[in-house]
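Order of the sequence lines sets the chain letters (A, B, ...), proteins ahead of strands, with each chain counted from 1.
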Number of protein chains: 2
Amino acid sequence: MSLPHAILTALLEKPSSGLELTRRFDKSIGYFWSATHQQIYRELGKLEGEGLIRALPNAQPSRGQKKSYEVLPAGRAELARWAAAGQDPKPLRDTLLLRLRASAVVGTAGLEAELRRHLELHQRQLAEYEGIEKRDFPPGRDAPEDRLRHLVLRAGIDLETFWTQWLTHALTEFADLPAPQADSGQSEATPPGAGQS
Amino acid sequence: MSLPHAILTALLEKPSSGLELTRRFDKSIGYFWSATHQQIYRELGKLEGEGLIRALPNAQPSRGQKKSYEVLPAGRAELARWAAAGQDPKPLRDTLLLRLRASAVVGTAGLEAELRRHLELHQRQLAEYEGIEKRDFPPGRDAPEDRLRHLVLRAGIDLETFWTQWLTHALTEFADLPAPQADSGQSEATPPGAGQS
DNA sequence: CATTGTTCTGCAACTAGTTGCATAAACGAG
DNA sequence: CTCGTTTATGCAACTAGTTGCAGAACAATG
């Protein structure tokens, strides 16, 4: 139940149309809460129905016609309420870790390349974040809202740093592993051409 | 599409009934892929239907009666295929960061307590992981599968470490913020009792 | 002005995960 | 032996997110 609030935040920062929101989600906001344009349109409709936002009056409402929204007081109040409410962090869900664990049973074949690929992706993302930091947060800004936004960006940077370090470490571990077998489990006569679904 | 593979992994490590699986998901596997017992039962049914696992013959099949499963060769093959296949890391989705960003617009009231609470939760989790590390991975083990499992645990430890550090940093930032206002945005006459839902 | 491509909006169907509850056997206590 | 509790299995309905596609306006071009 966070997408509506992500949209409210984005609209408070700047009133926008569905497509503009989509683009902004692809950039800054999407870095920690991604959404497709279909989700966004659907949610805009709901939010309007609930009286939390409204279409800007100037643009006329017809299909294929740009329609911008702004947040109403009720929307702002709801966002404030939600931001302060208690919410537990939801447990991690990571397929790479899962695959690593599966590999402990079923063999590490092919995994190393995958680790390398992920390392590269995370390095790229890290570089992008650091570019943003240099551009948007030069030393010596301290409007409170800048500090908060910087804090969020820091989380992104530190997370990507963590992943690149962990992946690098994982790769060195792999380097001196016995050798990638197709199956290192407690082999119980797995026929070579066993097939599947 | 990872739950079936998580189950296959768990069953390869040790054939189990639905409830046993549920318990194991609450512990080790659930640390990076959580699942409820309903999900697990549903998925066990599907996997059996697809011929990837089968019920152990000894136990009789009646409701309320324990029924254990083991992985068939086809299941092992499918797991190996999946573990080696390419999968992009899916983008971060974190409500706390989102709420922090919202707070930059709508005011930081109540947020500090929430940060503190999360800090405590992450510290607790970190302590638990470290306990497991001490217990299950004493120095000097190097069976390849132990190394892999340790690597996964390391990821958990390092992630929790990251969060505790980031949250600590965030709290010091909060300490010298102007003062938590109910609304620090470009105030446009937000009536105090504006509403909700 | 018909044709084609792009921008912008949106519906519908599907997949994955969650919540709430139902049922059946097993076991212990009165 | 029956009543309540625990263990174990499972269905059904709901929520959130994803995928695939389609339609309306607008702009460029022959």
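- Distance A:Leu21 CG to C:dT7 C1': 16 Å, rounded to the nearest Å.
- Of the listed nucleotides (C:dT9, D:dT18, C:dT18), C:dT9 has the atom at the smallest distance from the side chain of A:Leu19.
- Across all strands shown, A:Ser17 has heavy atoms under 4.0 Å from sugar-phosphate atoms exclusively, and none from any base.
- Residues meeting the salt bridge (charged side-chain N to carboxylate O under 4.0 Å, His left out) test with A:Arg116, sequence neighbours left out: A:Glu112.
- In this structure, B:Phe25 places its CZ atom 17 Å from P of D:dA8, rounding to the nearest Å.
- A straight line from CD of A:Glu43 to C1' of C:dG10 spans 14 Å, rounded to a whole angstrom.
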Check: protein-nucleotides 12-17 of chain D nitrogen or oxygen pairs below 3.5 Å:
residue : atom : partner : partner atom : Å
D:dG17  : OP1  : B:Arg93 : NH1          : 3.3

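- Of the charged side-chain nitrogens involved, at least one lies within less than 4.0 Å of a carboxylate oxygen, so that A:Glu13 and A:Arg24 count as a salt-bridged pair.
- Computed from coordinates, the A:Tyr41 OH to D:dA24 P distance equals 16 Å when rounded to whole Å.
- When rounded to the nearest whole Å, the span between NZ of B:Lys90 and P of D:dT19 equals 12 Å.
- Residue A:Lys67 contributes atom NZ, which lies 14 Å from atom C1' of D:dA25 at whole-angstrom precision.
- A search for side-chain contact (heavy atoms from CB on, under 4.5 Å) contacts involving B:His118 returns A:Pro89, B:Leu96, B:Arg99, B:Glu114, B:His122, B:Leu167, not counting sequence neighbours.
- With sequence neighbours left out, the ring pair (Phe, Tyr, Trp, His ring centres under 6.0 Å) criterion links B:Tyr129 to B:Tyr31.
- Residues in residues 162-174 of chain B take part in these side chain to side chain donor-acceptor pair (under 3.5 Å) pairs, two or more places apart or across chains: A:Arg147-B:Glu173.
- The phosphate of D:dT7 (OP1 or OP2) has no side-chain N or O of B:Arg23 nearer than 4.0 angstrom.
- Atom P of nucleotide C:dG10 and atom NE2 of A:His37 are separated by 12 Å, given to the nearest angstrom.
- Applying the ring pair (Phe, Tyr, Trp, His ring centres under 6.0 Å) test to B:Trp82 and every residue at least two apart in sequence or in another chain returns B:His5.
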